[in-house]
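Below is one structure, written out as structure tokens; the observations come after it.
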2 protein chains.
Amino acid sequence: MTALPLEKAGEARGELTRQRILDAAQKLFSEHGSNGVSLRAITAEAGANSAAANYHFGSKMGLLEAVFARHATGIADERETLLQDCRAEPGRPPLLEQIVRAFLEPGMRGQHGGNGFARFRGRMLAENTEQTRELYARYFNDSTGQFLDALQDALPDLSSHDLHWRFHIMLGTMVYTLANPGRIQILSNGDCDPSDPGQALDTLVPMIAQLFRNPTMSPARTSETLHDINSIQAK
Amino acid sequence: MTALPLEKAGEARGELTRQRILDAAQKLFSEHGSNGVSLRAITAEAGANSAAANYHFGSKMGLLEAVFARHATGIADERETLLQDCRAEPGRPPLLEQIVRAFLEPGMRGQHGGNGFARFRGRMLAENTEQTRELYARYFNDSTGQFLDALQDALPDLSSHDLHWRFHIMLGTMVYTLANPGRIQILSNGDCDPSDPGQALDTLVPMIAQLFRNPTMSPARTSETLHDINSIQAK
DNA sequence: GTCTATAGCTGGATAGAC
DNA sequence: GTCTATCCAGCTATAGAC
């Protein structure tokens, strides 16, 4: 597509082929999962041959890792940068909204979240194989820990147990949104579209921030306390 | 394993083999996805041969559908029965908690949710292929619509748009919990265990009910209104 | 109803020309 | 660096004995 100045035809074409294979792999892995698509199909989509993929990436698994690594570090870095900018200050959104957005946004749009990598990531998470678990832990465990700490600081009265469970809800929502099963689009006749990153972020960030902010309701006292809470919160 | 009295050796063994193949398929599909495991591996686990599986189910895809159908109808029926029992009444949990639990519980434990089918279902949802989407829609669209209606009745002031988005969060949490990526267990040092259905339901039901109950916060006025809301809700 | 054997195919990986 | 050609493992599905 883009016509780059070619200094050395060989090298430049090599880079382009490598890039095209990565792009095709990201697209097809996203659509069919890592086991649902063949190396042959990927390289055909890229206008190359399966031998080229093995030359550049060693194996199909190497290709999968390369697709992942291409953007994962960028997402983790962007998250941490955004987190460091979060602070409670007049004229800014509430701190919790800032933290939640800092966690969700880098993976959902922008340099590393857009162009299909979001969907790829959602699918890798959903597949939940030994390999993808290891990859995900290696690239994201650090920054995730930082966000848990920041959330606990912002919510000192929330128990660690509840904090982690709400984080679990946020992760599930993120993964489900990225994987885009298209279910709520149909059920809402197209009114809700989680595959639109702008709409998804603007809608989910306040909902999830509010979820973190809700008071603890221990299961045992659910039925007694909720009447009081309803009378305060219900519109 | 179980030594049943055999009246007619042929028929009884047939049923047992069929059952063992279904059980093995459910287990291995759950662990590796529908493309990650071979018919040979399934029938080996069941102590049978791949020909037996094809005899009983026609094809590998037929086997997948049979595993799904074995419990899906039961879950949808149980959901609808539970939903019809939901009502606001002194001495019972709040209506919203009842509805949320009626939706989540049948798939997470009991006759149709336990014994690994929960995990199988989570993985099928996560795989999100044309076939699994179709299966899921066929078996669950009706009851899901009923729950959306019941929730809208219970929350007349919540916009349809917000209602669907919150339902999206509930679906994502359910799928992520069923698929059990094990991530929050590690991050919380084992304190949170979404793979324990009792703990998961008792924790998630009040959190999600509260999520539905939260007031609408349009993205545009997020920063202004949240300070008021904080002062009411923050502990 | 269950088995063995196998046909027929697909896909990952490699050898070697260019 | 990229191609063609090919090897071989592993899969689904079926034929046919029992």
Side-chain angles (χ1 to χ4, degrees), chain A residues 4-29 31-68 127 129-132, chain B residues 1-29 31-67 127 129-132:
Chain A
L4 292 180
L6 303 186
E7 297 173 9
K8 285 180 169 184
E11 281 181 21
R13 261 207 77 210
E15 271 316 293
L16 284 180
T17 296
R18 193 191 148 91
Q19 216 61 30
R20 280 201 317 273
I21 292 173
L22 277 173
D23 290 341
Q26 181 169 298
K27 180 185 167 203
L28 293 179
F29 281 148
E31 287 168 3
H32 307 108
S34 59
N35 279 330
V37 70
S38 67
L39 210 49
R40 286 165 143 92
I42 291 169
T43 47
E45 168 93 14
N49 189 277
S50 72
N54 280 307
Y55 170 79
H56 283 290
F57 305 104
S59 69
K60 189 184 182 183
M61 185 174 114
L63 174 58
L64 184 81
E65 289 205 21
V67 172
F68 189 87
E127 277 196 1
T129 64
E130 185 53 42
Q131 186 201 2
T132 58
Chain B
M1 242 26 102
T2 322
L4 291 179
L6 301 185
E7 296 172 12
K8 286 181 168 182
E11 281 181 20
R13 266 212 66 215
E15 272 316 293
L16 284 180
T17 296
R18 192 191 149 93
Q19 217 60 30
R20 279 203 317 273
I21 292 173
L22 277 174
D23 290 341
Q26 181 169 298
K27 180 187 168 203
L28 293 179
F29 280 150
E31 288 169 2
H32 307 108
S34 58
N35 279 330
V37 70
S38 68
L39 209 49
R40 285 164 142 92
I42 291 169
T43 48
E45 168 94 14
N49 189 277
S50 72
N54 279 307
Y55 170 77
H56 283 290
F57 306 103
S59 69
K60 189 184 182 182
M61 185 174 116
L63 175 57
L64 185 81
E65 289 205 21
V67 173
E127 276 197 2
T129 64
E130 185 54 42
Q131 186 200 2
T132 59

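Every value quoted in this text rests on a predicted model; they were computed, and no experiment measured them.
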Nearest-0.5 Å distance that lies between atom [atom1] in [X] and atom [atom2] in [Y]:
X: B:Lys60; Y: B:Asn54; atom1: NZ; atom2: CG; result: 11.0 Å
X: A:Gln19; Y: A:His56; atom1: CD; atom2: NE2; result: 10.0 Å
X: A:Tyr55; Y: A:Ile21; atom1: OH; atom2: CD1; result: 11.5 Å

Using five pairs at each end of the helix from C:dG1-D:dC18 to C:dC18-D:dG1 to define an axis, what is the angle between those two axes, to 10°?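 Taking the rotation axis at each end, their angle is 0°.
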Would you mind building the protein contact string for nucleotides 4-9 of chain D? One character per nucleotide, 5' to 3', B for base within reach (heavy atoms under 4.0 Å), S for sugar-phosphate only, - for untouched. B-B---
Is the shortest heavy-atom distance from the side chain of [X] to the side chain of [Y] under 4.5 Å?
X: B:Leu63; Y: B:Leu22; result: yes
X: B:Glu31; Y: B:Leu28; result: yes
X: A:Arg20; Y: A:Asp23; result: no
X: B:Glu65; Y: B:Phe57; result: no

Nearest to the side chain of [X] - [options]?
X: B:Asn54; options: D:dT14, C:dG12, D:dT2; result: D:dT14
X: A:Lys60; options: C:dA13, C:dT2, D:dT2; result: C:dA13
X: B:His56; options: D:dC11, D:dC3, C:dT2; result: C:dT2

Rounded to the nearest angstrom, tell me the gap between atom [atom1] in [X] and atom [atom2] in [N].
X: B:His32; N: D:dC11; atom1: NE2; atom2: C1'; answer: 16 Å
X: A:Phe57; N: D:dT2; atom1: CZ; atom2: C1'; answer: 14 Å
X: B:Asn35; N: C:dG11; atom1: CG; atom2: P; answer: 11 Å
X: B:Tyr55; N: C:dT2; atom1: OH; atom2: P; answer: 8 Å
X: A:Leu16; N: D:dT2; atom1: CG; atom2: C1'; answer: 13 Å
X: B:Ile21; N: D:dA13; atom1: CD1; atom2: P; answer: 13 Å
X: A:Phe29; N: C:dG11; atom1: CZ; atom2: P; answer: 13 Å
X: A:Leu39; N: C:dA13; atom1: CG; atom2: P; answer: 7 Å

If only side-chain N and O atoms of B:Thr17 are considered, is one of them under 4.0 Å from the OP1 or OP2 phosphate oxygen of C:dG1?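 No, outside the criterion.
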For the student: nearest non-hydrogen atoms of A:Ala41 and A:Val37, plus distance: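 Nearest heavy atoms, A:Ala41 then A:Val37: CB-CG2, 3.9 Å.
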Hey, which of B:Thr132, B:Leu64, B:Thr129, B:Val67 is the one that makes side chain to side chain contact (heavy atoms under 4.5 Å, CB included) with B:Ser34?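 Of the listed residues B:Thr132, B:Leu64, B:Thr129, B:Val67, the side chain to side chain contact (heavy atoms under 4.5 Å, CB included) partner of B:Ser34 is B:Leu64.
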